Amino acid sequence: TIIADAIHLGTTADKISTTGSIVLKPTTTSRTVGIGDSATGDFSLTAAEIAALTGYSSLTIGASGNTGAVDINNITFEANTTIYGGAMALDTITATNHNVTLSATGAVTDATADTTDNFALGNGVLTMSTTSGNIGATDDGRIDINTTGQINITNEVNSAYIYINSKAATTDLGTIAMYAAGPPPVRGRFDITSAGSISQSGAISTGYTYINAAGTVDLSTQDNNVFYLGPVTAGGDFSWNNGNNILLTYGAIDTSGSNGAITFDVGTSTFSNPSNQSISAGSGTITIIADAIHLGTTADKISTTGSIVLK
């Protein structure tokens, strides 16, 4: 463990070694942190300084309660890594087959607003959280994630946004949680694009969820709790389980390009299409399971040449 407001680890690789943990943290909790060459921060760690660390089982930079901004610029970690701080600007973090955790007290942004990987983790698990601000932004400002490991994201801000772009062929969503006081829509919006299929091993709890996936979307294995769903586009079957919680469509639900089946299951609660959004499955089956169903009042909005099951 090294605690200091400035740190210089040397520039020769593999000089600081342990098979245990390494902790590097500023004394002043508001100290800004720069990780990687040309990164901005008073507590500065260049790529060569990170490479001076070797053999470690985990690396922690900062500590819980740190509020200084963190700038991360093209850095490679050789083990599980946790970074604490305030607002975080990301270029590329590479940690192949290792887990990365970002714990922020401010917004998390793509520093260059492009489609280059912000995280290249192989099969590592990514965990991000913030207590203030959005995670990502629209268009090229999305956080670009390349991992087949689990993705966990928590945002504790009223009416906040999470924008991510998953570049892997398979995306496994762990816990996606947006906590806030007030009615469900206040919980904010989770917006994901995916280059492949999406599955889940944790529940999604948000006010709004938007999905655009090139492959199949199976979000039926957990009891999700989303108030507004849509728009949704899937390149295969789309299935959604909302537990026993009300679900309202907020945009078109479309699998017609692949003739994928569409399934909604809200258990003992209500499925509603209050603004007459289109639900289109091509020739796929549309199934809605709920104790109350409101399909809207505009003709021809729910379409398939296959079967429709309402139960």
Side-chain angles (χ1 to χ4, degrees), residues 108-110 113-119 126 128 134-153 155 160-178 185 187-222 224 226-242 247-264 273 275-282 284 286 301-304:
V108 179
T109 59
D110 181 341
D114 58 20
T115 58
T116 301
D117 292 350
N118 296 120
F119 296 95
L126 173 63
M128 288 190 289
N134 296 330
I135 295 176
T138 56
D139 301 321
D140 287 348
R142 291 175 182 272
I143 303 300
D144 297 296
I145 303 168
N146 202 336
T147 182
T148 58
Q150 192 179 96
I151 298 172
N152 303 281
I153 306 176
N155 191 321
Y161 296 85
I162 297 171
Y163 297 96
I164 67 172
N165 175 34
S166 177
K167 299 170 75 174
T170 58
T171 296
D172 176 26
L173 296 178
T175 297
I176 307 295
M178 304 185 78
R187 291 201 304 260
R189 168 176 158 185
F190 173 61
D191 188 326
I192 179 173
T193 63
S194 170
S197 63
I198 302 175
S199 60
Q200 67 180 152
S201 50
I204 301 171
S205 178
T206 69
Y208 301 78
T209 291
Y210 296 11
I211 300 168
N212 185 350
T216 297
V217 178
D218 183 3
L219 298 174
S220 65
T221 62
Q222 304 289 321
N224 302 307
V226 169
F227 196 70
Y228 290 118
L229 179 65
V232 171
T233 301
D237 293 348
F238 172 78
S239 53
W240 182 273
N241 171 19
N242 214 47
L247 180 67
L248 283 68
T249 56
Y250 194 72
I253 312 296
D254 188 5
T255 62
S256 60
S258 62
N259 297 312
I262 296 174
T263 302
F264 300 102
N273 187 23
S275 53
N276 301 297
Q277 300 293 338
S278 63
I279 301 174
S280 305
I286 298 174
K301 283 293 185 176
I302 301 174
S303 63
T304 179

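What you see is a predicted model; the values in this text were computed from it and never measured.
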Tell me, please, which residues at least two apart from Gln150 pass side-chain contact (heavy atoms from CB on, under 4.5 Å). Val125, Asn152, Asp172, Ser201

Name all residues meeting the side-chain contact (heavy atoms from CB on, under 4.5 Å) criterion together with Thr148; count only those two or more places apart in sequence or in a different chain, and write none if there are none. Asn123, Ala168, Thr170

Report the C-alpha separation of Tyr210 and Tyr250 in whole Å, then their side-chain angles, then the decisive distance to 0.1 Å, and conclude whether the side chain to side chain contact (heavy atoms under 4.5 Å, CB included) test is met. CA-CA 9 Å; Tyr210 296 11; Tyr250 194 72; 3.2 Å; yes

For residues 228-238, which residue pairs pass the salt bridge (charged side-chain N to carboxylate O under 4.0 Å, His left out) check, not counting sequence neighbours? none

Ignoring hydrogens and angles, tell me if any N or O in the side chain of Thr249 forms a donor-acceptor pair with the backbone of Leu229 under 3.5 Å. no

side-chain contact (heavy atoms from CB on, under 4.5 Å) partners of Ser278, counting only residues at least two apart: Ala252, Ser280, Lys301

Check: Thr206 side chain, Tyr208 main-chain N or O, donor-acceptor pair, under 3.5 Å: yes

Can you tell me how far OG of Ser194 sits from CG of Asn165, rounded to the nearest 0.5 angstrom? 8.0 Å

Quick check: closest heavy atoms across Asn259 and Gly282, and the distance to 0.1 Å? OD1-CA, 3.4 Å

Which residues share a side-chain contact (heavy atoms from CB on, under 4.5 Å) with Asn118, sequence neighbours left out: Leu90, Asp110, Ile143, Asp144

Within this structure, what is the CG-OG1 distance for the pair Leu126 and Thr147, rounded to the nearest 0.5 Å? 7.5 Å

In Å, rounded to the nearest 0.5 Å, how long is the span from CG of Asp114 to CG of Asp139? 13.0 Å

State whether the number of non-hydrogen atoms from other residues, nucleotides or ligands found under 6.0 Å of Phe190 atom CZ is greater than 12. yes

What heavy-atom pair brings Gly260 and Thr255 nearest, and what distance separates the two atoms? O-OG1, 2.6 Å

With distance as the sole criterion, is a donor-acceptor pair present between the side chains of Thr115 and Asp140 under 3.5 Å? no

Distance only, no hydrogens: is a donor on one side chain within 3.5 Å (strictly under) of an acceptor on the other, for Thr193 and Asn212? no

Of all the heavy-atom pairs spanning Arg187 and Met178, show the shortest one and how long it is. O-CB, 2.8 Å

Heavy atoms only: give me the nearest Lys167-Ala195 pair and the separation to one decimal. O-CB, 3.8 Å

Using atom types as modelled and distance alone, determine if a side-chain donor or acceptor of Asn224 lies under 3.5 Å from a backbone N or O of Leu219. yes

Inter-residue atom distance Asn241.CG - Ile204.CD1, 0.5 Å rounding: 10.5 Å

With rounding to the nearest 0.5 angstrom, report the CZ to CZ distance, Phe238 to Phe264. 5.5 Å

Might you work through the side chain to side chain contact (heavy atoms under 4.5 Å, CB included) test for Trp240 and Leu247, ending with a clear yes or no? CA-CA 10 Å; Trp240 182 273; Leu247 180 67; 3.8 Å; yes

Got a donor-acceptor contact below 3.5 angstrom from the Thr109 side chain to the Gly141 backbone? no

Any chance you could measure Thr209, atom OG1, to Asn242, atom CG, to the nearest 0.5 Å? 9.0 Å

Quick check: do Ile262 and Ile253 have side-chain heavy atoms less than 4.5 Å from each other? yes

Side chain of Ser258, backbone of Gly236: donor and acceptor closer than 3.5 Å? yes

If the condition is ring-ring contact (aromatic ring centres under 6.0 Å, His included), which residues does Tyr163 pass it with, not counting sequence neighbours? Tyr161

Using the side-chain contact (heavy atoms from CB on, under 4.5 Å) definition, which of the options Ile151, Ile198, Ile145, Ile176 pairs with Ile192? Ile198

With distance as the sole test, does Asn134 use its side chain to make a donor-acceptor pair with the main-chain N or O of Gly136 at under 3.5 Å? no

Between Ser239 and Asp218, what is the shortest heavy-atom contact and its length? OG-OD1, 3.0 Å

Any chance you could lay out the side chain to side chain contact (heavy atoms under 4.5 Å, CB included) test for Ile153 and Ile164, step after step, and finish with the verdict? CA-CA 10 Å; Ile153 306 176; Ile164 67 172; 3.8 Å; yes

